[in-house]
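Following: one structure in structure tokens, then a few remarks.
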Amino acid sequence: QVQLVESGGGLVQAGGSLRLSCAASGRTFRSYDMGWFHQAPGKEREFVAGISRSGSSTYYADSVKGRFTISRDNAENTVYLQMNSLKPEDTAVYYCAARDRVGSYDYIQLYSYWGQGTQVTVSS
């Protein structure tokens with residue numbers, strides 16, 4: 001099992017940047033692919049970005065390509081989401097998630113472990 005704790009959310013103006021972190025417990029962090037998802041009020045949870053176990057492959061939702069960057073540090077058991085050029089429509093609770101099953105990174109059902117989420121609010 002792995003436990004996940006997100007941090008780094010907050011209030012930022014449109015065009016600004018935030019860096020989210022997700023710290024994982026346990027010594028098996030490198031065994032999991034990791035993903036970031038977000039959920040706006042009244043909407044379903046959606047895929048934002050994913051990264052493979054080694055960090056060599058990354059995947060992004062079309063809405064964040066060129067603005068967000070996912071990375072991981074397996075020595076520190078942490079995955080990051082650098083968010084630049086933020087827009088009001090990026091406002092949501094952001095969750096990190098871990099999976100040990102193969103398949104498309106945006107398939108939410110493949111993720112077994114979730115953090116509690118961190119709020120990101122982008123003002124216009």
Side-chain angles (χ1 to χ4, degrees):
Q1 283 194 346
V2 62
Q3 293 182 329
L4 305 172
V5 179
E6 303 96 335
S7 62
L11 174 63
V12 64
Q13 288 188 333
S17 298
L18 283 175
R19 188 194 196 201
L20 305 184
S21 299
C22 174
S25 65
R27 293 175 287 181
T28 60
F29 176 70
R30 63 182 69 241
S31 300
Y32 297 94
D33 298 323
M34 299 297 296
W36 284 97
F37 292 76
H38 68 194
Q39 187 168 18
K43 295 188 176 181
E44 294 186 350
R45 195 169 297 187
E46 297 179 333
F47 171 77
V48 174
I51 189 166
S52 61
R53 299 166 193 192
S54 67
S56 61
S57 299
T58 57
Y59 307 86
Y60 298 94
D62 288 342
S63 60
V64 306
K65 282 181 182 175
R67 299 189 299 123
F68 291 10
T69 302
I70 188 171
S71 62
R72 67 189 295 164
D73 184 338
N74 284 345
E76 296 294 328
N77 284 9
T78 303
V79 61
Y80 303 97
L81 185 68
Q82 178 66 45
M83 305 187 295
N84 299 329
S85 302
L86 282 161
K87 304 175 181 180
E89 51 263 43
D90 295 319
T91 295
V93 177
Y94 282 72
Y95 299 90
C96 71
R99 69 171 202 179
D100 56 6
R101 292 177 281 177
V102 297
S104 178
Y105 277 77
D106 61 352
Y107 193 48
I108 195 170
Q109 287 83 352
L110 294 177
Y111 292 83
S112 301
Y113 306 102
W114 293 84
Q116 83 289 348
T118 186
Q119 176 70 47
V120 170
T121 303
V122 184
S123 64
S124 58

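Fair warning: this is a prediction, and the values are worked out from it, not measured in the lab.
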**Study point:** Reported NE2-to-CD distance for the pair His38 and Gln119, which is rounded to 0.5 angstrom
**Key:**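 One finds 11.5 Å between NE2 of His38 and CD of Gln119.
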Minimum heavy-atom distance between [X] and [Y], given as atom pair plus value:
{"X": "Glu6", "Y": "Gly115", "answer": "OE2-CA, 3.2 Å"}
{"X": "Ser112", "Y": "Asp100", "answer": "OG-OD1, 4.4 Å"}
{"X": "Arg99", "Y": "Ser104", "answer": "NH1-O, 3.2 Å"}
{"X": "Gly35", "Y": "Tyr111", "answer": "N-CE2, 3.7 Å"}
{"X": "Gly50", "Y": "Tyr105", "answer": "CA-CD2, 3.8 Å"}
{"X": "Thr78", "Y": "Ser21", "answer": "CG2-CB, 4.3 Å"}

Set of residues satisfying side chain to side chain donor-acceptor pair (under 3.5 Å) with respect to [X], sequence neighbours excluded:
{"X": "Ser123", "result": "none"}
{"X": "Asn84", "result": "Ser17, Gln82"}
{"X": "Gln3", "result": "none"}

Practice item. Output all residues satisfying salt bridge (Lys or Arg N to Asp or Glu O under 4.0 Å) with Arg19, sequence neighbours left out; order by chain, then residue number. Key: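 With neighbours one apart ignored, the set is empty.
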Check your understanding: With sequence neighbours left out, what residues match Lys65 under salt bridge (Lys or Arg N to Asp or Glu O under 4.0 Å)?
Key ->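 Lys65 satisfies salt bridge (Lys or Arg N to Asp or Glu O under 4.0 Å) with Asp62 only.
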**Study point:** Co-members of Tyr94 in a cluster of I, L, V, M, F, W and Y side chains, linked at under 4.5 Å
**Key:**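 When side chains under 4.5 Å apart are linked, the cluster holding Tyr94 also contains Val2, Leu4, Val12, Leu18, Leu20, Phe29, Tyr32, Met34, Trp36, Val48, Ile51, Tyr60, Val64, Phe68, Ile70, Val79, Leu81, Met83, Leu86, Tyr113, Val120, Val122.
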Point to revise | Connected-component partners of Leu11 among ILVMFWY, side-chain separation under 4.5 Å | key: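 Under the 4.5 Å side-chain rule, Leu11 groups with nothing.
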Exercise for review: Quick one: do Arg72 and Tyr80 satisfy side-chain contact (heavy atoms from CB on, under 4.5 Å)? Show the steps, please.
Suggested key: CA-CA 6 Å; Arg72 67 189 295 164; Tyr80 303 97; 5.9 Å; no
Review point. Which pairs pass disulfide bond (SG atoms under 2.5 Å apart) with one or both residues in residues 28-118, sequence neighbours excluded?
Key: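 Residue pairs passing disulfide bond (SG atoms under 2.5 Å apart), neighbours aside: Cys22-Cys96.
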Point to revise | Pairs flagged by disulfide bond (SG atoms under 2.5 Å apart) wherever residues 52-95 is involved - sequence neighbours left out | key: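 The answer is none; no pair qualifies.
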Exercise for review: Could you tell me whether the side chain of Thr118 and the main chain of Gly9 form a donor-acceptor pair under 3.5 Å?
Suggested key: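 Such a contact is found between Thr118 side chain and Gly9 backbone.
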Check your understanding: Would the number of heavy atoms belonging to other residues, nucleotides or ligands and lying under 6.0 Å from CD of Gln109 be above 12?
Key ->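 Counting other residues, nucleotides and ligands, CD of Gln109 exceeds 12 neighbours.
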Practice item. If a pair satisfies salt bridge (Lys or Arg N to Asp or Glu O under 4.0 Å) and one of its residues is in residues 40-53, list it, with sequence neighbours excluded. Key: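 Residue pairs with at least one partner in residues 40-53: Asp33-Arg53.
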Practice item. Scan for salt bridge (Lys or Arg N to Asp or Glu O under 4.0 Å) pairs involving residues 81-96, sequence neighbours excluded, and state none if there are none. Key: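 Every pair satisfying salt bridge (Lys or Arg N to Asp or Glu O under 4.0 Å) with a residue in residues 81-96: Arg67-Asp90.
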Point to revise | Residues in ring-ring contact (aromatic ring centres under 6.0 Å, His included) contact with Phe47, at least two apart in sequence or another chain | key: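 By the ring-ring contact (aromatic ring centres under 6.0 Å, His included) rule, Phe47 matches Phe37.
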